[in-house]
Amino acid sequence: MDYKQVVADALAPALTGTLSAEDIYAKIERPKDVNKGDYAFPAFTLAKTFKKAPQQIATDLVKQIDTSQFDKVEVVGPYLNFFLDKAAFSAQILGQVLTEGADYGQNQSGKNGNVPIDMSSPNIAKPISMGHLRSTVIGNSIAEILKKNGYHPIKDNHLGDWGTQFGKLITAYLKWGNEDDVKKDPITNLVKYYVKFHKEDVAHPELDDEAREWFKKLEDGDKQAQQLWSWFREESLKAFKAIYDKLGVQFDTYNGEAFYNDKMQAVVDELKAKGLLQESQGAQVVNLEKYDLNPALILKSDGASLYITRDIATAMYREKTYHPAMNLYVVGSEQIYYFKQLKAVLTEMGLPSAKNLHHIPFGLITVNGKKLSTRSGRIILLDAVLDDAIEMAQKQIAEKNPDLPNKAEVAQQVGVGAIIFGDLKNERMNSIDFNLAEQLKFEGETGPYVQYAHARAESILRKASGVDVPTSGAKISDPEAWETLKALADFPDVVVEALKEFEPSDVAKYAIRLAKSFNKYYAHSKILAEDAEKTARLALVKSVSTVLKEALRLLGVQAPDEM
RNA sequence: GCGGCAAUAGCUCAGCUGGAUAGAGCAACGGUCUUCUAAACCGUAGGUCGAGAGUUCGAAUCUCUCUUGCCGCACCA
């Protein structure tokens with residue numbers, strides 16, 4: 001139920017002819033201070049039309065409205081403060097959460113439309129770093145949020161599995177590599193070969209020619225080249241999947257760059273057919289002047305294709321395969337300009353999904369203020385960070401809950417949860433200077449804090465087993481529960497808002513707010529006390545547990561029942 | 001040089017479509033476990049919201065200028 005609307009409806013009769021229903025609704029706000037009620041209407045805007053002081057207007061207004069449906073309506077200066085009927089509110093919201101369960105907050109606005117999401121996208125034969133974490137967890141969370149809004153997301157890992165570096169890799173492997181090492185630890189060893197190649201080719205430039213030849217062979221379908229390439233790819237993918245498993249992220253497709261190799265010519269043909277290609281300094285470009293953008297370079301002067309050619313092919317493929325409702329790209333903010341160009345080219349081509357293409361950028365992860373880079377050695381391995389976090393969680397469990405039965409499982413859930421939550425709780429666009437100690441904090445506004453609130457709720461429910469939790473009519477009068485009840489009621493709006501902004505952090509902040517209000521309630525009220533409201537309180541606890549778990553799920557974070 | 005993003009407490013960040021004394025977490029200091037998990041709760045202290053101008057009854061929030069930092073600016077992805 002929309003309680004803001006209830007307030008607006010109450011005000012409407014007194015303001016007919018002055019403000020439209022929509023205007024009234026838009027003016028209503030939530031006081032920051034809890035003591036000033038649940039909703040407030042400021043009378044400033046009416047001062048001109050009524051030619052009276054706002055304070056006076058507020059005083060007059062309150063006399064004209066039906067206040068019976070509220071606990072009270074107060075005039076404080078120029079504000080009308082509305083206090084909702086707590087008993088009715090609690091019965092309504094708890095009934096709804098308990099009836100709907102995990103479906104609470106679900107809406108169908110997406111009409112099951114397909115939404116491919118370009119995300120994670122590590123490069124074959126290179127390690128997954130903290131930089132990939134952001135794309136992976138943001139994309140994964142947006143996928144869950146999409147589902148909650150009735151869309152059908154398709155998580156696509158657009159692997160970097162093609163390019164001249166494979167010529168170098170093959171050359172290096174044949175010279176210095178061996179099969180067992182690659183099988184044992186593919187990423188480390190493949191990177192080693194790659195780095196060695198770059199060291200050696202300074203003194204032996206003929207290596208570059210060899211590499212070029214190998215890449216040419218690969219493109220021409222040479223058997224040995226193909227075999228090595230697909231082997232490197234498989235071994236890398238195995239290593240990647242181990243990390244994705246740890247993170248709890250699955251993909252629907254792994255349509256990497258190689259997948260589009262045979263779809264590139266069609267792009268060039270179509271651009272030509274539509275008269276969009278122009279020659280410029282020997283290269284083929286699409287002029288984007290009318291979008292106030294630099295020309296997009298489609299073919300190099302040597303005729304080779306580029307990243308954007310591949311992305312156009314990808315967009316065309318997705319259009320044909322999915323008829324997407326939206327087309328999302330979770331890629332770093334350094335590519336904002338590039339995606340403007342891509343969208344402009346696709347718009348020029350008349351691709352229907354171009355207008356629903358959204359680049360979802362995020363801030364850079366840096367170390368000591370500097371950009372990560374494999375070559376310079378400034379790299380933070382995601383796997384190592386996850387392991388550190390899991391180990392830290394193990395220590396915490398040993399200290400705080402040594403009798404916990406499934407320690408290893410919970411340590412993983414808590415450790416990984418801390419890392420994911422830590423990444424998602426801040427606005428996407430904030431850049432992050434990596435700090436391991438900061439990532440491993442389990443106190444305050446963190447993933448474990450939310451998980452802990454959930455585990456406490458579950459603990460109470462276990463202790464109360466045998467008591468029937470009512471799914472309707474649960475009224476709570478305890479004022480300590482009020483913030484928690486209101487937070488529960490906000491969840492459906494958060495689901496909508498988070499999608500609108502593509503902001504998982506909205507959900508993370510919400511989870512903290514709900515957990516915090518519940519922890520406070522928990523500290524001040526004895527839930528299992530034997531009195532008339534006990535079952536109502538249990539209804540609240542059950543509702544909190546349900547919604548916390550669901551909010552964490554939308555972030556890709558697990559919620560253990562005990563920790 | 002042009003464009004984008006950012007600047008709020010010692011540190012990390014919230015602050016919704018402009019609204020009532022600018023809020024959290026961490027760190028500091030003090031308090032709360034014989035009672036539902038203290039990974040928690042309560043309190044104290046801490047800010048000329050980068051600077052300046054403008055719009056407005058009202059600006060951390062909108063506009064402009066400036067400063068600082070990061071990112072990008074066709075043959076990488």
Side-chain angles (χ1 to χ4, degrees), chain A residues 26-27 29-33 36 40 42 44-45 47-48 53-54 76-79 81 121 123 158 160 163-165 257 280-285 292-308 310-311 331-338 340-341 361 363-364 366 369-371 393 396-397 399-401 404 414 418 422 425-427 429-433 435 437-438 441-453 455-464 493 497 501 505-506 509 512-513 515-516 519-529 537 541 562-563:
Chain A
K27 285 282 169 207
E29 56 192 68
R30 289 184 159 194
K32 287 182 216 162
D33 183 351
K36 293 199 169 75
F44 300 105
T45 28
K48 271 184 193 158
V76 180
Y79 286 90
N81 292 335
S121 308
N123 292 318
H158 197 76
T164 49
Q165 72 268 25
E257 296 174 349
S280 169
Q281 297 169 36
Q284 295 293 316
V285 306
D292 206 21
L293 294 168
N294 292 329
L297 188 60
I298 305 292
L299 291 177
K300 301 203 271 190
S301 41
D302 67 1
S305 62
L306 281 145
Y307 185 60
I308 197 165
R310 213 167 281 272
D311 264 344
V331 180
S333 61
E334 64 272 20
Q335 294 193 35
I336 287 175
Y337 191 84
Y338 167 78
K340 280 185 187 166
Q341 289 183 309
L364 218 57
T366 55
K370 284 180 183 158
K371 210 175 159 176
Q396 296 271 328
I397 290 168
E399 190 185 314
K400 295 172 196 286
N401 197 357
L404 188 70
V414 172
K425 82 168 172 179
N426 293 324
E427 238 172 87
M429 287 300 288
N430 291 357
S431 54
I432 295 175
D433 196 52
N435 178 329
E438 200 66 39
K441 276 193 178 140
F442 292 176
E443 285 163 9
E445 298 175 341
T446 62
Y449 176 91
V450 180
Q451 290 173 320
Y452 184 63
R456 280 176 138 184
E458 281 302 311
S459 174
I460 291 174
L461 293 170
R462 276 194 302 277
K463 290 229 157 66
D493 290 341
E497 190 62 22
E501 304 292 330
S505 70
D506 285 347
K509 280 173 207 147
I512 287 174
R513 184 155 62 89
K516 192 178 280 190
N519 272 334
K520 195 177 272 201
Y521 174 61
Y522 180 98
H524 293 284
S525 305
K526 177 81 181 167
I527 290 154
L528 292 174
R537 286 193 300 270
V541 173
E562 272 185 88
M563 61 187 273

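Just so we're on the same page: letters track the sequence lines, and every chain starts at 1. Just so it is clear, the values below take in all heavy atoms, side chains as well, and ignore hydrogens, waters and symmetry mates.
Mapping A/Tyr307 and A/Ser525 onto RNA chain B by nearest heavy atom places A/Ser525 closer to the 5' end of the strand. Heavy-atom distances to RNA chain B give each of A/Lys520 and A/Pro448 a nearest nucleotide, and the one nearer the 5′ end belongs to A/Pro448.
What separates CD of A/Glu445 from C1' of B/rA39 is a distance of 14 Å, to the nearest Å. Rounded to an integer number of Å, the gap from A/Glu438 CD to B/rA27 C1' is 10 Å. Taking atom CD of A/Glu458 as the reference point, atom P of B/rA39 lies 18 Å away to the nearest angstrom. Note: CG (A/Asn430) to C1' (B/rU8) measures 12 Å, nearest angstrom. Taking atom CG of A/Leu293 as the reference point, atom C1' of B/rG72 lies 13 Å away to the nearest angstrom. Between the CD atom of A/Glu29 and the P atom of B/rG15 there is a distance of 17 Å, given to the nearest Å. Going from atom OH of A/Tyr522 over to atom P of B/rU35 covers 11 Å, rounded to whole Å. In this structure, the NE2 atom of A/His524 is 10 Å from the C1' atom of B/rU32, given to the nearest Å.
Checked by distance alone, A/Ser431 brings no side-chain donor or acceptor within 3.5 Å of a matching partner on the base of B/rC70. Judged by distance alone with a 3.5 Å cut-off, a donor-acceptor contact links the side chain of A/Ser280 to the base of B/rA74. Not a single donor-acceptor contact under 3.5 angstrom links the side-chain atoms of A/Asn519 to the base of B/rA39. Within 3.5 Å, no donor on the side chain of A/Lys27 pairs with an acceptor on the base of B/rU17, nor the reverse.
Residue contacts for A/Leu528: at a heavy-atom cut-off of 4.0 Å it reaches a base atom on one of the strands shown. Residue-level contact check: A/Pro78 touches neither bases nor backbone, having no heavy atom under 4.0 Å from any strand. Base contact: A/Ile527 has a heavy atom under 4.0 Å from a base atom. Nucleic acid contact for A/Asn81: base, since at least one base atom lies under 4.0 Å from a heavy atom of the residue. A/Gln281 comes within contact range of at least one nucleobase, with a heavy-atom separation under 4.0 Å. A/Gln341 comes within 4.0 angstrom of no nucleic acid atom, judged by non-hydrogen atoms across all strands. At the heavy-atom level, A/Lys36 lies under 4.0 Å from base atoms of the strands shown. Nucleic acid contact class of A/Ala455 (heavy atoms, under 4.0 Å, all strands): base. Nucleic acid contact for A/Gln451: none, since no nucleic acid atom lies under 4.0 Å from a heavy atom of the residue. A/Leu299 comes within contact range of no nucleotide atom at all, as no heavy-atom separation falls under 4.0 Å. Counting non-hydrogen atoms under 4.0 angstrom, A/Phe44 reaches a base of the nucleic acid.
When distances run from any side-chain atom of A/Asn426 to the nucleotides B/rC75, B/rA24, B/rC13, the shortest one goes to B/rC13. Ranking B/rA39, B/rA20, B/rC57 by closeness to the A/Ala40 side chain, first place goes to B/rA20. With distances taken from any side-chain atom of A/Lys516 to the nucleotides B/rC41, B/rC75, B/rA39, the minimum falls on B/rC41. The side chain of A/Pro31 lies closest to B/rA20 when the candidates are B/rC36, B/rA20, B/rC26. Nearest nucleotide to the A/Leu364 side chain, out of B/rA38, B/rC71, B/rA39: B/rC71. In the set B/rC75, B/rA77, B/rA74, B/rA77 carries the atom at the smallest distance from any side-chain atom of A/Glu257. The side chain of A/Lys509 has B/rG15 as its nearest neighbour among B/rG15, B/rA74, B/rA39.
Between A/Lys371 and B/rG72 there is a side-chain N or O to OP1 or OP2 distance below 4.0 Å. Neither OP1 nor OP2 of B/rG23 sits under 4.0 Å from any side-chain N or O of A/Lys32. Between B/rC41 and A/Tyr449, a contact under 4.0 Å exists linking OP1 or OP2 to a side-chain N or O. Within the structure, a side-chain polar atom (N or O) of A/Arg456 is placed less than 4.0 Å from OP1 or OP2 of B/rA38.
Contact detail for A/His524 and A/Lys520: the closest heavy-atom pair is CD2-O, 2.9 Å. Residue A/Thr366 comes nearest to A/Lys371 through the heavy atom pair CG2-N, 4.1 Å, listed as atom of the first residue, atom of the second, then distance. Here the closest non-hydrogen pair linking A/Met429 and A/Ser333 is CE-CB, 3.9 Å. Counting all heavy atoms, side chain and backbone alike, A/Lys27 lies closest to A/Pro42 at O-CD, 3.4 Å. Closest non-hydrogen pair, A/Tyr449 versus A/Gly444, comes out as CB-O, 2.9 Å. The two residues A/Tyr522 and A/Ile460 come nearest to each other via the heavy atoms CE1-CD1, 3.5 Å.
Around atom CG of A/Asp302, more than 12 heavy atoms belonging to other residues, nucleotides or ligands sit under 6.0 Å away.
In this entry B/rC2 has B/rG72 as its Watson-Crick or G-U wobble partner, both defining distances falling under 3.5 Å. Across all strands shown, B/rC49 remains unpaired; no Watson-Crick or G-U wobble contact has both distances below 3.5 Å. Nucleotide B/rA14 forms a pair with no other nucleotide shown, judged by Watson-Crick or G-U wobble geometry with both contacts under 3.5 Å. The partner of B/rG43 is B/rC29, by the rule that a Watson-Crick or G-U pair needs both atom distances under 3.5 Å. Within the shown strands, B/rC62 is the pairing partner of B/rG54 under the Watson-Crick or G-U definition, both distances less than 3.5 Å. When Watson-Crick and G-U wobble pairs are counted only if both distances are under 3.5 Å, B/rA7 pairs with B/rU67.
Rounded to a whole angstrom, the distance from the P atom of B/rU67 to that of B/rA59 is 26 Å. Taking atom C1' on both nucleotides, B/rG1 is separated from B/rU63 by 24 Å, rounded to a whole Å. Taking atom P in both B/rC41 and B/rG52, the straight-line distance is 38 Å, to the nearest Å. When the C1' atom is used for both B/rA22 and B/rU48, the distance is 13 Å, rounded to whole Å. Atom C1' of B/rG43 sits at a distance of 25 Å from the matching atom of B/rA20, rounded to the whole Å. Atom P of B/rA51 sits at a distance of 22 Å from the matching atom of B/rG4, rounded to the whole Å. Distance noted for atom P between B/rC49 and B/rC11: 16 Å (whole Å). Rounded to whole Å, the separation between the P atoms of B/rC64 and B/rU55 comes to 15 Å.
Remark: the A/Ser505 side chain and the A/Asn426 side chain contain no N/O donor-acceptor pair separated by less than 3.5 Å.
No side-chain heavy atom of A/Lys400 sits less than 4.5 Å from a side-chain heavy atom of A/Phe442.
Base orientation at B/rC16 is anti, since its O4'-C1' glycosidic dihedral falls outside 90° of 0.
The backbone N or O of A/Leu293 sits nowhere less than 3.5 Å from a side-chain atom of A/Lys340 that would complete a donor-acceptor pair.
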